[in-house]
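Proteins get letters first, then strands, A, B, ... in listed order; numbering begins at 1 in each. Reckoned from all heavy atoms, side chains included, excluding hydrogens, waters and symmetry mates. As the structure is a computational prediction, the values presented were derived from the model and not from experiment.
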Number of protein chains: 2
Amino acid sequence: MREVVKAMKALSDETRLRILNLLLERECCVCEVMQALEISQTRASRNLSMLHDAGFLRMRKDGLWSLYSIDQEGMDDYFADLVEAVKKSLEGNELAVLDRKRLRKAERVGPGCVRKLAG
Amino acid sequence: MREVVKAMKALSDETRLRILNLLLERECCVCEVMQALEISQTRASRNLSMLHDAGFLRMRKDGLWSLYSIDQEGMDDYFADLVEAVKKSLEGNELAVLDRKRLRKAERVGPGCVRKLAG
DNA sequence: AACCTATAAGCGAAGATGCGCATATAAGCG
DNA sequence: CGCTTATATGCGCATCTTCGCTTATAGGTT
């Protein structure tokens, strides 16, 4: 039961729903998520971790990058239903569409580029 | 999106998952829920309200009683998937089984009986 | 009307959550 | 090795949640 509550809690946050929306498109690194959602590195990293801890995501390392993706195979049975529900619920959502659009333009470079933009 | 988050929040609490588990059996009044889950009246009422506000439940009045049930027809499309996921996730769960068992013994009388038992 | 009873709602305390800032860790490169 | 970059994490604060206590509301009974 604790696990189920944890899974639901993981989904009960706008940032994390938006992240899941991105990962339904493709595997992402932290910096792509922060670019697409226009959020801080801390926020992107923390929320990806939470989704991972809850059991929704798979994570692999590639050099400096942490690549997260939806763990289709490893997920418990009902997790798939939850992801499906999230997918349905976000269909046509304005923000979700915009996020996906920005993801297409995002590059696999990290917060360094943000710093450059800042000054 | 706000609505989706609200729905997920409604499901991210053990008490509310247990309530949903009961309502998957049958329509219940507040006092039956408090008896089956062995929780306070306030707690039963509040959490039923939250599930109702989120859009999962239907409520009808019958005299003094408020009768809650899962709103199969009125629910948005993806809500059904969520309820299904909850159902799957609780299958075989010890506490969920016990709650259903106690529900069978519960009577449609309110906290008054609790007061009698107490004093 | 006076009095039960079932449920809802205001209030405040304890705990949980989200996030920015600063810092740590770790991989890659000169 | 020292520097840069991508990501993770400790800390503190503001906010939100949950829940019990108490009181309000409203239907029912006598």
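In this structure, the CG atom of A/Leu67 is 15 Å from the P atom of C/dA27, given to the nearest Å. Regarding B/Trp65, its CH2 atom lies at a distance of 14 Å from the P atom of C/dA8, rounded to whole Å. Spacing between atom CG of A/Asp62 and atom P of D/dT5 amounts to 18 Å, rounded to whole angstrom units. One can place NE2 of B/His52 at 13 Å from C1' of C/dA8, the figure rounded to the nearest angstrom. Distance, B/Met50 CE to D/dT17 P: 9 Å, rounded to whole Å. Distance CD (A/Gln35) to C1' (D/dT7): 14 Å, rounded to an integer number of Å. Taking atom CE of residue B/Met34 and atom P of nucleotide D/dC19, one finds them 14 Å apart after rounding to whole Å. One interatomic measurement links the two molecules: CG of A/Leu48 to P of D/dT9, which rounds to 12 Å at whole-angstrom precision.
Toward the 5′ end of DNA chain D lies the nearest nucleotide of B/Ser40, the other residue of the pair B/Ser40 and B/Gly63 mapping further downstream.
Tested against B/Met75, the residues B/Leu57, B/Val83, B/Leu82 include a single side-chain contact (heavy atoms from CB on, under 4.5 Å) partner, B/Val83.
Look at A/Arg104 and A/Glu32 and you find no salt bridge, because none of the NZ, NE, NH1 or NH2 atoms lies under 4.0 Å from a carboxylate O. Here A/Arg2 pairs with B/Glu14 in a salt bridge; the nearest charged N to carboxylate O distance falls below 4.0 Å. A salt bridge is absent between B/Glu73 and B/Arg58; no separation between the charged side-chain nitrogens and carboxylate oxygens falls under 4.0 Å.
Proximity of B/Arg43 to the phosphate of D/dC19: a side-chain N or O atom is located under 4.0 Å from OP1 or OP2. OP1 or OP2 of D/dA8 has at least one side-chain nitrogen or oxygen of A/Ser45 nearer than 4.0 Å. A close approach under 4.0 Å does not occur between any side-chain nitrogen or oxygen of A/Tyr68 and OP1 or OP2 of D/dA6. Under 4.0 angstrom from either OP1 or OP2 of C/dA9 there lies no side-chain N or O belonging to B/Thr42. Residue A/Asn47 has no polar side-chain atom (N or O) positioned under 4.0 Å from OP1 or OP2 of C/dT17.
Of all non-hydrogen atoms in B/Ala96 and B/Leu90, the two that sit nearest each other are CB-O, 4.0 Å.
Here D/dT7 is the nucleotide among C/dA6, D/dT7, C/dA8 with the atom lying nearest to any side-chain atom of A/Ser66. If you check D/dC11, C/dT7, D/dA6 against the side chain of B/Lys61, the one that comes closest is C/dT7. In the set C/dT5, C/dG18, D/dA8, the nucleotide with an atom closest to the side chain of B/Leu64 is C/dT5. For B/Arg46, taking side-chain heavy atoms from C-beta onward, the closest of the listed nucleotides C/dG18, C/dT7, D/dC19 is D/dC19.
For D/dG12, the paired base is C/dC19 (Watson-Crick or G-U wobble, both distances below 3.5 Å). Of the nucleotides present, D/dG2 is the one that pairs with C/dC29 by Watson-Crick or G-U wobble criteria, both distances under 3.5 Å.
In this structure the side chain of A/Val5 reaches within 4.5 angstrom of the side chain of B/Leu17, judged on heavy atoms.
The base of C/dA6 does not come close enough to the side chain of B/Gln41 for any donor and acceptor atom to sit less than 3.5 Å apart.
Remark: side-chain polar atoms of A/Ser45 are not paired, donor with acceptor, to backbone N or O of A/Gln41 under 3.5 angstrom.
Ring geometry, A/His52 versus A/Tyr68: the interplanar angle exceeds 60°, so the pair is classed perpendicular (tilted spans 30 to 60°).
A heavy atom lying under 4.0 Å from DNA chain D marks the following residues of residues 4-29 of chain B, by number: B/Lys9, B/Asp13, B/Thr15, B/Arg16.
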